[in-house]
There are 2 protein chains.
Amino acid sequence: MEYALRDERALLEKYLRDRGLKMTRARETVLDAFLGLESHVSVEAVIEAARRLDPGVGQATVFRTVKLLVDAGLAREACHDDGSRLFEHAYNHAHHDHLTCTRCGAVVEFIDPDIERSQEAVYRRYGFRSSGHRLELYGVCPDCAAKDAE
Amino acid sequence: MEYALRDERALLEKYLRDRGLKMTRARETVLDAFLGLESHVSVEAVIEAARRLDPGVGQATVFRTVKLLVDAGLAREACHDDGSRLFEHAYNHAHHDHLTCTRCGAVVEFIDPDIERSQEAVYRRYGFRSSGHRLELYGVCPDCAAKDAE
DNA sequence: AGTCTATTGATAAGGGTTATCATTTACAGA
DNA sequence: TCTGTAAATGATAACCCTTATCAATAGACT
């Protein structure tokens, strides 16, 4: 765990150094806050977490730093939760799609090789060069379905 | 065309009547404006179109009516265009997914039976009951790729 | 240490969407 | 057709999330 954290810190430092940017206390704080949260986090949640580590962090800085983390490949934008954007870890966290329960909000992350292959076929069919995709399946999870049956 | 228009008007009237709501001039205007536009429309575009038909229409009314159209099954929310939401026709307009060019914004609507089948398999695998999905493929279209090659 | 420039945090501004509210309008019933 | 009542309207303000502004601060290099 600690090793991974150091990896990500090193990645961010390299990303910053490569373009003449600086590794600052605020950026460290936001990185630690983000890494300490689980998948699918709003910027607001990162702000709260960051302020638990350092109450003085400004919200503008968190917005800016989360964008940096995305550019550096440490975070990636997940499904918009209708309104605010959600982010998830991107380092050591392979590509996957989401299966979301519309009742309780539970999220299952999955990867389906058949779907991935079929998507490649669609790209070929229309002559597009692939640059990523977003697949969200919505449904009712077993627990919520069981409650319905009662 | 005119028949379809009358169909959709009748659907909206039924939807409204069934819950004690009223068919008004403003709602007619917004419906006509929406139907007169092509796929993937922002609310702002609907406002403009509605005001061409009747300059007095308020923007709050358009927002409210578009939401009504979604509830009535005449419109459906498409991919968020990062910022504002986009809507498309839902009546007589079968389910499909989107393949979007990240350079020029061109959108190809497609349906792939293999992907649909594989998605059903994912639902079964996790015991979810399906209630819809959203698949957006991003890439570079042939035209933009050709420009790159120059 | 000094210098130069990126970064910060507070604040204001922006864009899209929703709430408020007095006035108007549609619809049902007389 | 007239009337009563509740829904709908449009103007406006408010709201949320996000970005821009800017004077003050703080990295990183010499």
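Each chain gets a letter, A, B and so on, in the order its sequence line appears, and its residues count up from 1. In this text, all values refer to a predicted model and were calculated from it rather than measured experimentally.
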Check nucleotides 12-15 of chain D against the protein and report each pair of N or O atoms closer than 3.5 Å, with its distance, or say if there are none.
none

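- When the nearest nucleotides of DNA chain C are assigned to B:Lys22 and A:Ala26 by heavy-atom distance, the more 5′-ward of the two goes with A:Ala26.
- Following rounding to the nearest Å, B:Glu28 (CD) and C:dT25 (P) show an atom-to-atom distance of 15 Å.
- At whole-Å resolution of the value, CG in A:Leu12 and C1' in C:dT7 are 14 Å apart.
- Taking the ring centre of B:Tyr15 as origin, the terminal cationic atom of B:Arg19 falls inside the region bounded by 6.0 Å and 45° from the ring axis.
- A:Asp148 and A:Arg103 are joined by a salt bridge, as a carboxylate oxygen and a charged side-chain nitrogen come within less than 4.0 angstrom of each other.
- Between B:Ile47 atom CD1 and D:dA11 atom P there is a gap of 12 Å when expressed in whole angstrom units.
- Distances from the side chain of A:Arg85 to the nucleotides D:dT19, C:dT7, C:dG16 place D:dT19 closest.
- Relative to the side chain of B:Leu21, the nucleotides D:dG10, D:dA7, C:dC27 differ in distance, and D:dA7 lies closest.
- In summary, A:Glu120 and A:Arg124 do not engage in a salt bridge, as defined by a charged side-chain N under 4.0 Å from a carboxylate O.
- As rounded to whole Å, 11 Å separates atom C1' of C:dG16 from atom CZ of B:Phe87.
- Residue A:Thr24 has no polar side-chain atom (N or O) positioned under 4.0 Å from OP1 or OP2 of C:dA6.
- One can place CG of B:Leu16 at 19 Å from P of D:dA6, the figure rounded to the nearest angstrom.
- Within the model, atoms CE of A:Met23 and CG of A:Leu31 stand 6.0 Å from one another, a figure rounded to the nearest 0.5 Å.
- Atom CD in B:Glu48 sits about 11 Å away from atom P in C:dG16, given to the nearest Å.
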Exercise answer: donor-acceptor pairs, residues 61-69 of chain A side-chain atoms, under 3.5 Å, sequence neighbours excluded:
residue : atom : partner : partner atom : Å
A:Thr61 : OG1  : A:Arg64 : NH2          : 3.4
A:Thr65 : OG1  : A:Thr61 : O            : 2.7

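- Within the model, atoms CD of A:Glu136 and CZ of B:Arg134 stand 8.0 Å from one another, a figure rounded to the nearest 0.5 Å.
- Ring centroid separation for the pair B:His40 and B:Phe87 does not come in under the 6.0 Å cut-off.
- To the nearest angstrom, C1' of C:dA6 lies 8 Å from CZ of A:Arg27.
- Between B:His133 and B:His95, a ring centre-to-centre spacing shorter than 6.0 Å is recorded.
- Distance CD (B:Glu44) to P (C:dG15): 10 Å, rounded to an integer number of Å.
- For residues 62-73 of chain A, proximity to DNA chain D is found at A:Phe63, A:Arg64, A:Lys67, defined as any non-hydrogen atom under 4.0 angstrom from a strand atom.
- Using cut-offs of 30° and 60° for the angle between ring planes, the A:Phe110 and B:Tyr126 rings count as tilted.
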